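Taking it in order: structure first as structure tokens, then the write-up.
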Amino acid sequence: MNNLKAKITGVQGYVPPYVLDNKELETIVDTTDEWITSRTGIKERRILKGEDQGTSVLGIEAVKGLLEKTNTKPEEVDLLICATTTPDMLFPATANIISNGTGLVNAFSYDLQAACSGFLFALTTGSQFIETGKYKKVIVVGADKMSSIIDYSDRTTCIIFGDGGGAVMLEPTEENEGIMDTMLHTDGSGEPFLHMKAGGSRRPSTAETVARREHYVHQEGSTVFKFAVTNMADVSANIMERNNLQSEDIAWLVPHQANKRIIDATANRMGIGSEKVMLNIHKYGNTTSGTIPLCLWNYENQLKKGDNLVLAAFGGGFTWGAVYVKWAYDPK
Ligand code: UT7
């Protein structure tokens, strides 16, 4: 047995330049800036435009920046895990495309799919490779080009989602810091409420599936909302309890950015004020696997060594979870 933990030693995000704001959405579907803002907290989201531009584009940009920031040579990286629900292709893994695009010649890589909880599932998995002592540098990417599976004639889904991603570097530490605890859950009975009907092996793509608009996110919003509010709040409270953390011990809640009302309910349950809640939903919307690393990237300069963070997410599957992180470095 060793006492190794995995610590985050750097974070980098990437969002594409095109801004799709609520005003533009008003010209596409029957909605209003007022409705979207009050029901979700979203003002704008980013869209990856252009031919042949997949999720790997987002991942490659984030990983390039991460390598530079952490002074890491690409050949030093042992493993890259990419959490995504919008892979460039059904195969090969987007992680392989990102590794190839960033020169990670010695890394093995694979994708992991847990919808909006994907980054937390991948962070947990990556940290366990570090804890064995066998792997020294693991990159965890969370990225999604949600615009590739969104129906821009469906006002109940197109207003929420956007494109973006981020990446963290994990390295070993013998100090009492880093990934301290994780709680992950799935409930496959959630499938009817949030899924994509066609394009997989159960219902392969045909002209008919395209005509029936089955290659887009199908979400029964209010049902998903109810499950999300309860489970994200519960798992966040449970991880605090298991680690004897009181609300005053928490420096930051890092929530999945699906709906500001879900985030508020989670913070409320944890007993923490809005000043401790990372928020970027207003500018990026819901980037699925990208939301949590993008938050860490946006707030990196405010994080101090020793800060207790609770990362929490809920998403399709259903999947949900929380990760307790003790931040390992001061702003550089
Ligand atoms: O990322 C992880 C998983 N996803 C989530 O966590 C998302 C969870 N769900 C939600 O965030 C919310 O359910 C939505 C934002 C998707 C929808 O908000 P809601 O408050 O649950 O609305 P609703 O679906 O219950 O619809 C209420 C009303 C309906 O009108 P009627 O039937 O009451 O007349 C909708 O047709 O709001 C209408 N509506 C809209 N109106 C203007 C739905 N979308 C829109 C829209 N603009 N974009």
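Both counts, for ligands and for their atoms, begin at 1 and track the order of listing. Quick caveat: nothing in here was measured; it's all calculated off a predicted structure.
In this structure, Ile160 is part of the shell of residues with a heavy atom less than 4.0 angstrom from ligand 1. Residue contacts with ligand 1 include Leu194, since one of its heavy atoms falls under 4.0 Å from the ligand.
Summary of contacts: the protein heavy atom closest to atom 1 (O) of ligand 1 is Asn286 ND2, 2.7 Å.
Looking at Thr156 against ligand 1, both its backbone and its side chain come within 4.0 Å, counting heavy atoms. If you look at Val29 next to ligand 1, there are no close heavy atoms at all, none under 4.0 Å.
Atom numbering of ligand 1 starts at 1 in the shown order; those under 4.0 Å from a heavy atom of Val224 are 3 (C), 4 (N), 5 (C), 6 (O). Every atom of ligand 1 with a heavy atom of Thr31 under 4.0 Å away is listed here by number and element: 42 (C), 46 (C), 47 (N), 48 (N). Near Ile262, with a cut-off below 4.0 Å to any heavy atom, the atoms of ligand 1 are 6 (O). Of all atoms in ligand 1, numbered sequentially from 1 with element shown, those under 4.0 Å from a heavy atom of Cys116 are 1 (O), 2 (C). Taking every non-hydrogen atom of His256 and a distance limit under 4.0 Å, the qualifying atoms of ligand 1 come out as 1 (O), 2 (C). Of all the atoms in ligand 1, the ones that sit under 4.0 Å from a non-hydrogen atom of Asn259 are 10 (C), 11 (O), 12 (C), 15 (C). Of all atoms in ligand 1, listed by their number and element, those nearer than 4.0 Å to a heavy atom of Arg39 are 19 (P), 20 (O). Residue contact check: Phe314 has heavy atoms under 4.0 Å from atoms 2 (C) of ligand 1.
Using modelled atom types, one finds a donor on one side chain and an acceptor on the other under 3.5 Å when comparing Asp144 with Thr84. Between the side chains of Ser117 and His256, no donor-acceptor pair of N or O atoms lies under 3.5 Å. In this structure, a donor-acceptor pair under 3.5 Å is present between the side chains of Thr86 and Thr55. Checked by atom type, the side-chain pair Tyr329/Glu177 shows no donor-acceptor distance below 3.5 Å.
Of the N or O atoms in Arg155, one or more lie within a sub-3.5 Å distance of an N or O in ligand 1. Polar contact check, Gln219 against ligand 1: a nitrogen or oxygen pair lies under 3.5 Å apart. By the 3.5 Å distance cut-off applied to N or O atoms, Ala228 is not counted among the residues near ligand 1.
By the 30° and 60° cut-offs, the orientation of the rings of Phe129 relative to Tyr110 is tilted.
In this structure, atom 43 (C) of ligand 1 has protein heavy atoms in its sub-4.0 angstrom surroundings. Checking atom 24 (O) of ligand 1 against the protein gives no heavy-atom contact under 4.0 Å. Taking a distance limit of 4.0 Å, we find that atom 31 (P) of ligand 1 is approached by no protein heavy atom. Inside a 4.0 Å radius of atom 20 (O) of ligand 1 there is at least one protein heavy atom.
Under the 4.5 Å side-chain criterion, counting only non-hydrogen atoms from C-beta, Phe318 is in contact with Val224.
Remark: the backbone N or O of Ile159 is paired with a side-chain donor or acceptor of Arg45 at under 3.5 angstrom.
What you find for Leu253 and Thr266 is that their closest heavy atoms are CD2-CG2, 4.1 Å.
Selection from Trp35, Phe318, Phe227 by nearest heavy atom to atom 41 (N) of ligand 1 gives Trp35.
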